[in-house]
Amino acid sequence: MNAHWFLRAARWARNPPSASRVKFVLAIIVVCIALYTIEHFVGWPDALSPDQSLRRGYRP
């Protein structure tokens with residue numbers, strides 16, 4: 001770590017983010033974890049997968 005990150009951490013400690021910002025970031029993290037969990041256990045839907053036959057130069 002260089003001095004820039006220490007200065008940034010000191011500034012962040014003096015002026016912490018608001019409660020609404022923390023809730024917003026946590027909500028984004030929860031949504032990402034939920035999407036990953038659904039994709040891991042249920043699988044990726046075929047409708048959202050790219051169609052290999054439409055690509056140029058694709059020969060099965």
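Just so it is clear, the structure is predicted and the values come from calculations on it, not from any experiment.
Grouped with Leu35 in one hydrophobic cluster are Val31, the linkage being side-chain heavy-atom contacts under 4.5 Å among Ile, Leu, Val, Met, Phe, Trp and Tyr residues. Think of Val42 as one node in a network of Ile, Leu, Val, Met, Phe, Trp and Tyr side chains linked at under 4.5 Å; its network also takes in Ile38.
Residue pairs meeting the ring-ring contact (aromatic ring centres under 6.0 Å, His included) criterion with at least one partner in residues 8-39, sequence neighbours excluded, are Tyr36-His40. Applying the side chain to side chain donor-acceptor pair (under 3.5 Å) test to pairs two or more places apart or on separate chains, those with a residue in residues 15-25 are Ser18-Ser20.
Linking ILVMFWY side-chain heavy atoms closer than 4.5 Å, directly or via other members, places Val30 and Val22 in two distinct hydrophobic clusters.
Leu7 meets the side chain to side chain contact (heavy atoms under 4.5 Å, CB included) test with no other residue; sequence neighbours excluded.
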